[in-house]
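So that the names make sense, note that chain A is the first sequence line, chain B the second, and so on, each numbered from 1.
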Amino acid sequence: MTFSQNILIWYAQNKRTLPWRRTRDPYKIWLSEIMLQQTRVVQGTPYYLKFVANFPTVYDLAASSEEEVLKLWQGLGYYSRARNLHATAKMVVEEYEGNFPNTYEGLLKLKGVGDYTASAIASICFDEAQPVVDGNVYRVLARYFGVDIAINSTEGVKYFKELAREVMDTENIRDYNQGIMEFGAIQCAPKKPYCLHCPLNESCVALQGNKIEKLPVKLNKTKVRNRYFNYLVPVIEAKDGDLRTVLAQRKGKGIWQNLWEFPLLECQAEANLEKVKQFLPEILELKDIPEVTPLNEQLIVHKLSHQHLHTRFWKVKTKTDLTNSIPIKNLEDYPVPVLIADFIERLKNSYF
DNA sequence: AACTCGGGGAC
DNA sequence: GTCCCAGAGTT
């Protein structure tokens, strides 16, 4: 029995029932594929269901605002995916009459759709024989064929794509592609794969050579950058007695583009009260002398894959009614990073 | 070719 | 702590 035949049989017997497996609708497949980029199925699934409920068709998504899309995306990370998602929905509606391209080449032109996603949509929706090579496929192929070329090297990317193309089942590409990914996720797992009862164990080069834990090979460990964030949280007592505060939208390059946060003072190291008071006028233009107090004693360390954000929130109590101030009860309407969302959650449970 | 972009779960 | 997830875009 061939490699692909084994994959197809395993898939038929072991596949999970996932919401996007009941359809060939390119819109829904595209949505699921974007959401699952670098994201586990268990984490992405509730977001997929939320999006399908709010935006049943590409027209609904295109008619929404980026702000709404980011709000629904909040917490899923890699927010450029959400911005590209919205831009692509508008493009499909305005330039493609609401129809997604039905070929690999056509799909590649869409923002946020790269080699993997174009292959996935083309094969799943249109039965086009394009191999998918995601993290799961790299692992399965590296182990089964005993390939020790780094999967994230230029040579490796090219080699594994060609290998994937050679061993794919062109007649059953839809099930085969999903099958090899599912096989990698469930059976040929990164750690402690279930080799004992694996249908491919007798011919698996890595297993026979006792190299399961050494494959796949991956280079370049990410180095973490430490950053020191001071969020200045204005607390303004309005005339009606309500509390107001201020949010700012992150612009330009870097993390959390177009998401909202409190006015930020970033320093080279942990800042004390004097430091915050010194630079506060550059962040907030106040007419009075505010009362500034730290809201967390220990720095909150928010960990991203490549940055550690050492964060302190400062209450800035003022009587200046800043322009663009908003009622504190409206804070939850804005798309914010998890770091800010967690803070707002504590705020609800009376932080002041 | 190397870097950047989130957050979370498994270990 | 480490690894990695149904990767893409930029420099």
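Across all strands, A:T39 comes closer than 4.0 Å to base atoms (heavy-atom distances). Among the protein residues, A:I29 comes within range of no part of the nucleic acid, since none of its heavy atoms lies under 4.0 Å from any strand. In this structure, A:S153 reaches neither bases nor backbone, as no heavy-atom distance under 4.0 Å exists between it and the strands shown.
Evaluation of the ring pair (Phe, Tyr, Trp, His ring centres under 6.0 Å) rule for A:W256 yields no partner, not counting sequence neighbours. Every residue meeting the side-chain contact (heavy atoms from CB on, under 4.5 Å) condition with A:D240, not counting sequence neighbours, appears here in chain and number order: A:A238, A:D242.
Under 4.0 angstrom from either OP1 or OP2 of B:dG6 there lies no side-chain N or O belonging to A:H306.
For residues 125-145 of chain A, every residue pair satisfying the ring-ring contact (aromatic ring centres under 6.0 Å, His included) rule, not counting sequence neighbours, is listed here: A:F3-A:Y144, A:F3-A:F145, A:Y138-A:F160.
Side-chain atoms of A:N201 come within 3.5 Å of backbone N or O of A:C198 as a donor-acceptor pair.
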Name each donor-acceptor pair under 3.5 Å that joins a side chain in residues 329-337 of chain A to protein atoms two or more places apart or in another chain, with its distance.
from	atom 1	to	atom 2	distance (Å)
A:E332	OE2	A:K348	NZ	3.4

Residues 99-113 of chain A side chain polar contacts: donor-acceptor under 3.5 Å, at least two apart:
from	atom 1	to	atom 2	distance (Å)
A:T103	OG1	A:G106	N	3.0
A:Y104	OH	A:D115	OD1	2.4

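Once you apply a 4.0 Å limit to the heavy atoms of chain A, the touched nucleotides of DNA chain C run 5' to 3' over C:dG1 to C:dT11.
Distance check on atom P: B:dT4 versus C:dA6 gives 25 Å, rounded to whole Å. Nucleotides C:dC4 and B:dG6 place their C1' atoms 13 Å apart, quoted to the nearest Å.
Mapping A:K192 and A:E155 onto DNA chain B by nearest heavy atom places A:E155 closer to the 5' end of the strand.
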